[in-house]
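Notes for the one structure printed next.
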Amino acid sequence: MNICVVGTGYVGLVTGAVFADLGNEVTCVDNQSDKIAALRAGHMPLYEPGLEEMVVRTVADGRLDFTEDLVGGVRRSDIVFITVGTPPGDGGQTDLSAVEAVARTIGQAMERYLVVVNKSTVPVGTGDFVREVIERHQARPIPFDVVSNPEFLREGSAIEDTLRPDRIVIGAPSQQVAMTLLELYAPLERPMIITDVPSAEMIKYASNAFLATKISFANAIANLCELAGADVTQVMKGMGLDARIGPAFLAAGLGYGGSCFPKDTDSLIHTASTFGSDFVLLRAVVEINRGRAAHFVEAIRKALSPLDGKIIAVLGVAFKPNTDDMREAKSIEVVSELLRLGATVRAYDPVALDNAREVFPASVTYCASAHEAAAGADAIALVTEWNEFKFLNLDRVRQVMRRPVIFDGRNVWEPERMRRLGFEYHSIGRKPILPA
Ligand code: NAD
């Protein structure tokens with residue numbers, strides 16, 4: 001099939017590369033000329049395991065190309081995927097201006113029947129909105145259909161998730177239109193569910209809101225464990241073994257960040273309010289999440305008080321491991337609060353430091369390794385649970401630190417091991433290991 005993917009970010013670039021790898025002819029469109037120029041020169045604008053190899057391979061095979069020309073892309077294609085950003089607007093509502101701009105050009109450009117697929121995360125009702133915008137901008141009436149095909153990939157494993165999704169959701173206005181998408185996805189041999197368009201749009205938000213709820217639930221229990229002297233990792237393990245609950249997304253820590261959960265939970269609360277419904281549960285989930293970074297920094301302040309003049313090594317700045325994405329990363333709140341309290345911050349992350357330089361204040365020092373960050377530090381604050389931190393040579397780390405104190409925001413290490421290694425160790429929802 002001839003496919004146009006509009007918006008060459010995490011979702012669009014991965015989707016385009018995978019469709020091309022499955023044998024389709026794919027044009028990836030973006031309105032950022034530097035991004036398109038970089039991609040044409042073989043440079044990836046983002047870090048994602050396995051992506052570069054797939055892009056290089058499919059470009060060399062002539063099945064994937066990059067352009068700023070949306071009109072040309074639309075005219076060459078049978079299906080157009082909209083994968084542009086849908087950032088938060090004022091008051092939690094979703095900013096649909098990029099989706100609208102693309103729909104407008106699709107309307108102006110189309111010359112024959114087209115299936116337009118919303119893959120961006122958009123509030124329920126956006127399918128109708130896109131349909132209206134396209135119709136309004138057509139020079140003459142040309143039939144088309146709008147499908148909702150929400151994306152569930154996770155940054156850091158986006159290629160794997162796109163090749164082997166748990167499910168593929170196709171919200172289509174008719175069985176016949178759904179068949180076009182079924183055919184496209186058939187080679188993946190994954191479970192597919194066909195719904196109407198609003199239900200597909202809602203599935204995406206409901207899924208993200210539920211996962212966010214699991215995270216905030218674990219964190220609320222962690223707070224209670226800290227007060228009651230219980231261990232949240234044991235509690236969550238005990239809960240997660242119940243098949244009705246499951247272990248995923250029950251890790252207590254600094255809470256969720258990234259470009260999806262924060263904006264999607266806000267958006268669903270806003271959608272509910274437009275229908276006159278107060279989503280009390282989800283508001284509490286968001287509130288609990290908002291308190292996580294402050295709770296963590298408060299523990300650091302209490303233990304090291306005063307923070308003025310203290311050196312803190314911040315390990316991990318990406319919003320989660322295996323990505324360089326810093327959108328809504330918890331490190332942003334943690335670092336700015338540490339700096340506000342007078343601490344000096346030395347930061348290390350395996351891949352996200354370039355992005356960090358654009359986000360953090362100028363006073364942050366960037367280090368080439370965890371050991372370099374820890375050198376001379378009064379404490380380590382682990383913010384992102386990269387695998388390499390789990391396997392750090394902590395003996396060596398302790399030797400280079402000014403004081404052997406660790407604040408583990410993701411419960412990466414075992415308290416008893418930290419005691420044996422001679423650290424003062426503070427983690428989430430577990431008793432601290434204090435100096436004897
Ligand atoms: P992104 O910011 O990485 O990429 C969006 C791209 O769209 C950018 O390259 C931008 O230049 C381009 N763009 C914006 N307006 C455009 C226009 N008018 N014409 C052409 N290109 C335009 O965003 P993303 O993370 O890929 O997310 C895209 C959508 O997918 C969002 O709705 C998001 O909520 C959803 N989503 C994201 C993830 C994720 O993990 N990142 C997962 C599932 C769903």
Side-chain angles (χ1 to χ4, degrees), residues 1-8 11-12 15-31 58 62-84 86 96 98-122 124-151 162 168-188 192-201 203-204:
M1 281 186 214
N2 287 316
I3 296 170
C4 177
V5 179
V6 194
T8 311
V11 170
T15 301
V18 167
F19 282 149
D21 211 37
L22 294 175
N24 300 287
E25 309 289 321
V26 180
T27 306
C28 277
V29 179
D30 206 284
N31 62 356
T58 48
R63 290 199 301 275
L64 179 63
D65 67 7
F66 302 101
T67 180
E68 287 171 70
D69 176 17
L70 176 54
V71 172
V74 167
R75 290 186 177 158
R76 272 198 291 285
S77 302
D78 311 303
I79 308 181
V80 178
F81 280 83
I82 302 178
T83 59
V84 295
T86 48
L96 289 173
V99 171
E100 183 176 4
V102 172
R104 205 181 305 135
T105 307
I106 291 173
Q108 288 158 351
M110 65 191 289
E111 293 176 326
R112 60 192 168 93
Y113 174 77
L114 204 59
V115 175
V116 178
V117 184
N118 255 329
K119 197 173 244 321
S120 296
T121 302
V122 290
V124 61
T126 304
D128 288 341
F129 171 67
V130 166
R131 157 164 287 287
E132 275 166 37
V133 174
I134 294 176
E135 271 169 0
R136 235 186 307 128
H137 289 86
Q138 287 181 326
R140 60 188 165 85
I142 301 167
F144 66 96
D145 282 294
V146 178
V147 173
S148 167
N149 171 219
E151 181 53 61
T162 306
I168 295 160
V169 175
I170 299 167
S174 70
Q175 204 68 16
Q176 198 190 339
V177 177
M179 284 309 292
T180 310
L181 274 281
L182 279 177
E183 205 183 306
L184 178 64
Y185 281 112
L188 296 180
M192 298 198 217
I193 165 169
I194 298 174
T195 69
D196 54 51
V197 174
S199 301
E201 291 169 336
I203 286 171
K204 173 65 190 175

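This is a predicted model, so every value here is computed, not measured. Just so you know, residue 1 is the first one in the sequence shown, and it goes up from there.
- Using a 4.5 Å heavy-atom cutoff, the side chains of Thr180 and Ile79 are in contact.
- Side-chain atoms of Glu201 do not come within 3.5 Å of backbone N or O of Val122 as any donor-acceptor pair.
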Side chain to side chain contact (heavy atoms under 4.5 Å, CB included) between Val197 and Val124, worked out:
CA-CA 8 Å; Val197 174; Val124 61; over 6 Å; no
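- The structure places CZ of Phe19 at 10.5 Å from SG of Cys28, a figure rounded to the nearest 0.5 Å.
- A donor-acceptor contact shorter than 3.5 Å is absent between the side chain of Thr58 and the backbone of Leu64.
- The CD1 atom of Ile194 sits 13.0 Å away from atom OG of Ser199, with the distance rounded to the nearest 0.5 Å.
- From Ile134, atom CD1 reaches atom CD of Glu100 across 11.5 Å, with rounding to the nearest 0.5 Å.
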Going by atom type alone, with no hydrogens or angles, which donor-acceptor pairs under 3.5 Å involve a side-chain atom of residues 106-116 and a protein atom two or more places apart or on another chain?
unit_1: Glu111; atom_1: OE2; unit_2: Arg75; atom_2: NE; d: 3.4
unit_1: Arg112; atom_1: NH1; unit_2: Asp78; atom_2: OD1; d: 3.2
unit_1: Arg112; atom_1: NH2; unit_2: Ser77; atom_2: O; d: 3.2
unit_1: Tyr113; atom_1: OH; unit_2: Asp145; atom_2: OD2; d: 2.6

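- Side-chain contact between Leu96 and Val99 is present, with heavy atoms from C-beta onward closer than 4.5 Å.
- Taking the side-chain contact (heavy atoms from CB on, under 4.5 Å) definition, one finds that Met179 meets it with Leu182, sequence neighbours left out.
- The two atoms that bring Gly73 and Thr27 nearest to each other are CA-CG2, 4.4 Å, heavy atoms only.
- Separation of atoms CZ (Arg104) and CG (Leu70) is listed at 11.5 Å; rounding is to 0.5 Å.
- Rounding to the nearest 0.5 Å places OG1 of Thr162 at 8.0 Å from OH of Tyr185.
- Of the possible polar contacts, none joining the Glu132 side chain to the Arg136 backbone as a donor-acceptor pair under 3.5 Å is found.
- Rounded to the nearest 0.5 angstrom, Asn31 CG and Thr67 OG1 are separated by 11.5 Å.
- Pairing each heavy atom of Pro150 with each of Val169, the nearest pair is CD-O, 3.7 Å.
- When atom types are taken as modelled, the side chain of Lys119 and the backbone of Asn149 share a donor-acceptor pair closer than 3.5 angstrom.
- Inter-residue side-chain proximity for Glu183 and Leu181 is flagged as unmet; no heavy-atom pair is nearer than 4.5 Å.
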How far apart are the C-alpha atoms of Val117 and Ile82, what are their side-chain angles, what is the distance that settles it, and do they pass the side chain to side chain contact (heavy atoms under 4.5 Å, CB included) test?
CA-CA 6 Å; Val117 184; Ile82 302 178; over 6 Å; no
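- For Arg63 (side chain) and Glu25 (main-chain N/O), no donor-acceptor pair under 3.5 Å exists by modelled atom type.
- The backbone N or O of Val177 lies less than 3.5 Å from a partner atom in the side chain of Ser174, making a donor-acceptor pair.
- Here the closest heavy-atom approach between residue Ile193 and residue Thr195 is recorded as CG1-CG2, 3.8 Å.
- A 4.5 Å side-chain heavy-atom check between Thr8 and Phe66 finds at least one atom pair inside the cut-off.
- Here the side chain of Thr83 pairs a donor or acceptor atom with the backbone of Val6 at under 3.5 angstrom.
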Under the side chain to side chain contact (heavy atoms under 4.5 Å, CB included) rule, what do Met1 and Leu184 come out as? Steps first, then yes or no, please.
CA-CA 8 Å; Met1 281 186 214; Leu184 178 64; 4.1 Å; yes
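- Residue Val147 comes nearest to Pro173 through the heavy atom pair CG2-CD, 4.3 Å, listed as atom of the first residue, atom of the second, then distance.
- Across Val29 and Cys4, no two heavy atoms sit closer than the pair CG2-SG, 3.7 Å.
- Closest heavy-atom contact between Leu22 and Pro187: CD2-CB, 4.2 Å.
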Please determine whether side chain to side chain contact (heavy atoms under 4.5 Å, CB included) holds for the pair Ile3 and Phe81, giving the CA-CA distance in whole Å, both sets of side-chain angles, and the decisive distance to 0.1 Å.
CA-CA 8 Å; Ile3 296 170; Phe81 280 83; 3.7 Å; yes
